[in-house]
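Below is one structure; the comments refer to it alone.
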Amino acid sequence: MIFPAPKAEAPAQRFKEAAAAARDALGQLIAEANEAGWGTEEISLALVEAARSLHDANKKDPDPADDPAIADVPAKEQIGHGELYD
């Protein structure tokens, strides 16, 4: 599914558009999950939990693209760098 671009400029209207688009996308996703054997209740709750997790992660780091690449972090700051495991 291609998520539609917003049409409105006002935040309240954009929210309504986003909610409607998200509902359509989730309805389609739930229908596909049902076809695969998942129950509506269990997949709905799983989607809510996944959305909550993504929301929490976004609060902690709103723009992860700004984070340095692991190659840019000095070796002494990388967890497990240089350690050998059995």
Side-chain angles (χ1 to χ4, degrees):
M1 173 183 183
I2 297 174
F3 212 79
K7 296 176 185 171
E9 293 293 323
Q13 187 60 34
R14 285 175 63 94
F15 178 79
K16 287 180 183 179
E17 287 180 29
R23 183 175 175 85
D24 290 346
L26 287 173
Q28 183 177 345
L29 185 59
I30 289 170
E32 291 175 14
N34 290 156
E35 289 177 19
W38 296 98
T40 299
E41 181 72 13
E42 66 184 333
I43 200 65
S44 296
L45 291 174
L47 289 169
V48 167
E49 182 57 33
R52 184 175 294 122
S53 175
L54 290 171
H55 179 72
D56 291 347
N58 186 59
K59 279 184 175 180
K60 290 178 183 174
D61 190 0
D63 196 357
D66 287 345
D67 295 349
I70 192 69
D72 296 337
V73 176
K76 64 182 179 187
E77 295 178 26
Q78 294 181 21
I79 298 173
H81 180 75
E83 296 176 13
L84 298 175
Y85 297 96
D86 291 351

For this session: Sequence neighbours left out, what passes side-chain contact (heavy atoms from CB on, under 4.5 Å) with Ala25? Give chain and number order.
Result: Met1, Phe3
Exercise. Can you list every pair that meets salt bridge (Lys or Arg N to Asp or Glu O under 4.0 Å) and has a residue in residues 30-49, with sequence neighbours left out?
Worked result: Glu49-Arg52
Problem set entry | Hydrophobic cluster partners of Leu29 (side-chain heavy atoms under 4.5 Å) | Leu26, Ile30, Trp38, Ile43, Leu47
Seminar exercise, completed: Under a side-chain separation threshold of 4.5 Å, the hydrophobic residues clustered together with Leu54 are none
Seminar exercise, completed: CG (Leu45) and OG1 (Thr40) are apart, to the nearest 0.5 Å, by 10.5 Å
Got a list of side-chain donor-acceptor pairs under 3.5 Å for residues 5-21, not counting sequence neighbours?
| residue | atom | partner | partner atom | Å |
| --- | --- | --- | --- | --- |
| Glu17 | OE1 | Lys7 | N | 2.7 |
| Glu17 | OE2 | Ala8 | N | 3.0 |

Exercise. Excluding sequence neighbours, so at least two apart, what forms side-chain hydrogen bond (donor to acceptor under 3.5 Å, both in side chains) with Ser44?
Worked result: none
